[in-house]
Protein chains: 2
Amino acid sequence: MYLKDISNVPDAKTTPVECLLGLLSLGPLTGYQMRQLMQESTANFWRESYGRIYPALQQMQKAGLVEVEALKTSDPRAKGPKARKVYRMTAAGEARLHTWLGVPPRRQGNRNELLLKLFFGDRTKPEVLRAQVQAWQQSYIEDAQRYEEKLVHLEKTCAGEPGLPFWRMTLGYGLQEAIMVVNWCAAILEELQAIGNKN
Amino acid sequence: MYLKDISNVPDAKTTPVECLLGLLSLGPLTGYQMRQLMQESTANFWRESYGRIYPALQQMQKAGLVEVEALKTSDPRAKGPKARKVYRMTAAGEARLHTWLGVPPRRQGNRNELLLKLFFGDRTKPEVLRAQVQAWQQSYIEDAQRYEEKLVHLEKTCAGEPGLPFWRMTLGYGLQEAIMVVNWCAAILEELQAIGNKN
DNA sequence: TAGCACATGTAATAAGTTACATGATTTT
DNA sequence: AAAATCATGTAACTTATTACATGTGCTA
């Protein structure tokens with residue numbers, strides 16, 4: 001398999017590389033652990049699958065952005081083709097992360113299936129849409145609750161950590177977004193009710 | 001032994017097909033016009049490129065969801081390999097659109113580069129982040145203004161259209177989201193200021 | 001010893017964009 | 001006559017997920 005050379009990429013594009021480097025700035029990790037960490041922390045705004053993580057890690061090692069920590073030779077996990085690999089960021093990796101943090105982020109064109117259906121809403125009955133909006137709203141109500149719990153948990157478990165204020169900011173975003181969606185849904189439900197009553 | 005679920009649930013996956021059918025419910029259109037319409041209306045929550053639209057249209061014709069309107073033979077655009085094709089929805093297409101509208105929409109895992117950078121924010125200087133959040137906020141301020149203008153324009157140009165209430169709803173979502181982001185950014189800018197002052 | 005969590009990796013496929021090639025029609 | 005816009009289409013490429021294959025280590 002041919003591995004693309006990623007050592008000299010001045011490019012603004014965000015690849016799995018930057019997120020993995022960011023996680024490694026917290027300490028040495030295996031690919032598996034990075035995935036787990038993402039699920040717990042960045043899942044709401046950034047995810048990577050194993051199918052992207054492992055190849056990326058190999059490329060990063062080739063490019064000198066990370067290195068594999070030596071395990072004691074007595075550790076049986078250090079041997080074989082399925083050996084456990086604990087990655088550590090190199091100075092080059094740290095530089096790359098720092099550079100990336102300075103590049104202005106680009107907005108992503110997101111898709112929203114509910115809005116698409118709503119846009120063509122006059123092709124169906126208001127009750128059909130109401131059910132969908134209601135389910136959508138419920139999903140975000142649960143989100144909002146989860147975010148609130150997470151915020152409380154974060155303050156308890158991460159007090160004093162330098163990352164805390166930043167983790168709080170990203171959780172806050174999720175919470176504000178969820179609240180906004182819940183309120184918007186409430187307004188839509190009323191409007192759909194009114195449309196339904198007219199017919 | 002577990003049995004595979006073979007219940008005939010209509011495919012929940014949203015392809016270019018549904019959006020194109022939705023647009024065709026407004027009247028016969030060329031592929032080019034559908035793209036243009038999307039840019040003006042659904043761009044904020046749904047986009048398709050020509051590279052997806054034209055192949056999809058061919059498949060839809062094959063599947064009997066759309067048909068090509070006959071142009072008068074005197075029209076020179078009706079001939080040749082680059083002939084203009086005006087698509088019209090068939091009854092099968094209308095049925096497919098209607099079915100799809102009844103399938104609960106699924107949430108999409110969106111990515112947000114600003115949040116990812118902010119998450120690793122303690123690896124750089126608060127001023128660097130402030131500049132980025134400021135630019136982000138400005139971008140959404142402009143969005144909000146555009147949405148407000150669009151709402152006014154919509155009421156003027158689409159009065160009486162059956163789709164109007166639904167188009168208003170999707171515009172309203174965009175506006176609410178933009179407002180939420182602007183306010184969140186304002187709070188983040190203050191926090192970053194405070195962090196910067198401590199150092 | 002069975003089952004689960006940990007762990008690495010590849011191949012197939014799906015999803016989506018971009019660049020290019022072509023040509024007609026309309027406007028300046 | 002040039003330029004812009006309308007119009008269709010394909011090929012190459014990038015991006016990302018999913019399913020699969022494989023195996024280790026811990027614990028009930």
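For clarity, every value in this text was computed on a predicted model and none was experimentally measured. Values below: every heavy atom of this structure, side chains too, minus hydrogens, waters and symmetry copies. Protein chains get the first letters and strands the later ones, always in sequence-line order, with residue 1 at the start of each.
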ring-ring contact (aromatic ring centres under 6.0 Å, His included) filter on A:Trp46, not counting sequence neighbours, yields none
Rounded distance (Å) that lies between atom [atom2] of [N] and atom [atom1] of [X]:
X	N	atom1	atom2	value
A:Gln59	D:dA16	CD	P	13 Å
A:Met60	C:dT8	CE	P	14 Å
A:Ile53	C:dT8	CD1	P	10 Å
A:Glu113	C:dA15	CD	C1'	14 Å
B:Gln108	D:dA16	CD	P	13 Å
A:Tyr87	C:dC6	OH	P	18 Å
A:Glu69	C:dA7	CD	C1'	16 Å
B:Arg84	C:dG23	CZ	C1'	15 Å

So for atom CD, which belongs to A:Gln39, do other residues, nucleotides or ligands contribute more than 12 heavy atoms lying within a distance under 6.0 Å?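 Counting neighbours around CD of A:Gln39, more than 12 heavy atoms of other residues, nucleotides or ligands fall under 6.0 Å, so yes.
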Lys/Arg cation over aromatic A:Phe166: B:Arg123, 6.0 Å, 45° cone: no
Does B:Tyr54 have any side-chain hydrogen bond (donor to acceptor under 3.5 Å, both in side chains) partners at least two apart in sequence or in another chain, and if so, which? none
Tell me whether A:Lys150 is salt-bridged to A:Glu40, with the criterion being a basic N under 4.0 Å from an acidic carboxylate O. no
Ordered by number, residues from residues 29-52 of chain A within less than 4.0 Å of DNA chain D (heavy atoms) are A:Ser49, A:Gly51, A:Arg52
Starting at the 5' end of DNA chain D, which residue's closest nucleotide do you reach first, B:Tyr54 or B:Arg111? B:Tyr54
A:Gln58 vs C:dT10: side-chain N/O to OP1/OP2 distance below 4.0 Å: yes
Contact check, side chains of B:Arg168 and B:Leu151, non-hydrogen atoms, under 4.5 Å: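 The answer is yes; the side chains approach within 4.5 Å.
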